[in-house]
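Note sheet for the following structure.
Please read all numbers here as calculations on a predicted model, not as lab measurements.
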Amino acid sequence: MYHSDPQMLLLLYFVLPVWLIAGFADWLCHRATDIETTTGLKETYIHILMFLEMGLPLLAALFLDVNSLVIAFMIVLFFCHEATALWDVSYAVTARRVSPIEQHVHSFLEMVPLMALLLVISRHWPQFLALFGLGDEPARFELKQRDDPLPAGYITAVLSGIFFLEVLPYLEEYWRGKKARKGGSGRG
């Protein structure tokens with residue numbers, strides 16, 4: 001179905017996997033710096049917020065018709081994520097070492113969502129233009145399922161990847177933080 005669409009191939013089989021791997025690598029960096037006893041739960045809460053800021057637009061792209069409403073939602077949450085990422089690093093450096101490797105991972109976690117957003121916009125250019133009152137197409141602001149659903153196997157693989165590479169590791173980070181706080185060795 002999408003085998004002849006280079007934008008979709010890049011989104012589905014390059015951008016999204018790189019993003020998931022970068023998120024997991026960031027968790028490994030947090031583990032290596034004992035986040036639970038340095039910046040504690042506060043930084044973990046910031047990570048959960050950033051996960052939601054990028055996870056919700058991703059789910060929208062996977063399941064909804066991408067129109068002006070969805071594009072606007074993605075753009076707003078991208079900028080929210082960037083502001084939260086700045087807050088995250090500004091807080092992290094007050095209590096733990098943010099290594100060059102972790103900084104490099106962060107560059108992926110900031111630029112890969114931008115790549116994804118730009119690829120989505122380029123695939124739905126008329127609705128992007130319509131968002132600003134430009135082009136020949138009226139802006140559509142309704143929530144509806146995709147007319148061209150992604151293959152069930154792909155959705156299953158992506159949701160499994162999100163669960164195993166993002167949700168479980170960051171839940172583990174949360175539980176380590178909770179345990180450290182109860183034991184009196186964690187911040188925030």
### Query
Which other residues belong to the hydrophobic cluster containing F73, where Ile, Leu, Val, Met, Phe, Trp and Tyr are joined when side-chain heavy atoms lie under 4.5 Å apart, directly or via other members?
L56, L77

### Task
May I ask you to test the R96-E43 pair for a side-chain heavy-atom distance under 4.5 Å?
yes

### Message
Do I48 and L86 land in one hydrophobic cluster if side-chain heavy atoms of ILVMFWY residues count as linked below 4.5 Å?
### Response
no

#### Entry: OG1-CH2 distance between T44 and W175, expressed to the nearest 0.5 angstrom
12.0 Å

### Message
Working to the nearest 0.5 angstrom, can you tell me the gap between D34 CG and T37 OG1?
### Response
4.5 Å

### Query
Which pair of heavy atoms, one from S90 and one from T94, lies closest together, and at what distance?
O-CG2, 3.3 Å

#### Entry: Considering all heavy atoms, the nearest I101-C29 contact
CG2-SG, 4.2 Å

### Message
Side chains of L28 and V105, heavy atoms from C-beta outward: is any pair under 4.5 Å?
### Response
no

### Query
Honestly curious: do L143 and V76 fall in one hydrophobic cluster under the side-chain, below-4.5 Å linking rule?
no

### Query
Which residues pass the ring-ring contact (aromatic ring centres under 6.0 Å, His included) test with Y13, sequence neighbours left out?
Y154

#### Entry: Y174 (side chain) donor-acceptor with L41 (main chain) under 3.5 angstrom
no

### Task
For residues F78 and M54, report the shortest heavy-atom separation together with the two atoms involved.
CA-CE, 3.6 Å

### Message
For R97 versus E102, what's the shortest heavy-atom pair and its separation?
### Response
O-OE1, 4.2 Å

### Message
Quick check: closest heavy atoms across L119 and S122, and the distance to 0.1 Å?
### Response
O-OG, 2.9 Å

### Task
Please answer: with hydrophobic residues joined when any side-chain heavy atoms are less than 4.5 Å apart, are L118 and M74 in the same cluster?
yes

### Message
Rounded to the nearest 0.5 Å, what separates atom CG in L131 from atom NE2 in H124?
### Response
13.5 Å

### Task
Please report the shortest heavy-atom distance between T39 and A95, naming the atom on each side.
CG2-CB, 3.7 Å

### Message
Suppose we screen for side chain to side chain donor-acceptor pair (under 3.5 Å). Which residues come up paired with S107, at least two apart in sequence or across chains?
### Response
none

### Query
Would a distance-only check, ignoring hydrogens and angles, find a side-chain to backbone donor-acceptor pair under 3.5 Å from Y170 to W27?
yes

Pair up each side-chain donor or acceptor in residues 57-70 with any protein partner under 3.5 Å, not counting sequence neighbours, and list the distances.
unit_1 : atom_1 : unit_2 : atom_2 : d
D65    : OD2    : R140   : NH1    : 2.6
N67    : OD1    : L69    : N      : 3.0
N67    : OD1    : V70    : N      : 3.1
N67    : ND2    : E142   : O      : 2.7
S68    : OG     : Q127   : O      : 2.7
S68    : OG     : Q127   : OE1    : 2.9

### Query
Roughly how far, to the nearest 0.5 Å, is the NE2 atom of H81 from the CG atom of L114?
11.5 Å

### Query
Say you draw a straight line from CD1 of I46 to CG of D88; how long is it, rounded to the nearest 0.5 Å?
5.5 Å

### Task
Evaluate whether atom CZ of F79 has more than 12 neighbouring non-hydrogen atoms of other residues, nucleotides or ligands under 6.0 angstrom away.
no

### Message
Centroid separation under 6.0 Å, is that true for the rings of H47 and F51?
### Response
no

### Query
How about E36 and K179: do any of their side-chain heavy atoms sit closer than 4.5 Å?
no

#### Entry: Between CZ on residue R123 and CG on residue L10, distance to nearest 0.5 Å
11.0 Å

### Query
Are the side chains of I35 and E173 in touch, meaning some heavy atoms are under 4.5 Å apart?
yes

### Task
Share the residues that join V89 in a hydrophobic cluster, the rule being Ile, Leu, Val, Met, Phe, Trp or Tyr side chains under 4.5 Å apart at the heavy-atom level.
V93, V98

### Same apolar cluster: M111 and I75, side chain cutoff 4.5 Å
yes

Throw together a table of side-chain donor-acceptor distances under 3.5 angstrom for residues 16-26, partners on residues two or more places apart or in other chains.
unit_1 : atom_1 : unit_2 : atom_2 : d
D26    : OD1    : H30    : NE2    : 3.3
D26    : OD1    : H106   : NE2    : 3.0
D26    : OD2    : H30    : NE2    : 3.1

#### Entry: Verdict with reasoning, L168 to F163, per side-chain contact (heavy atoms from CB on, under 4.5 Å)
CA-CA 6 Å; L168 282 181; F163 182 73; 3.6 Å; yes

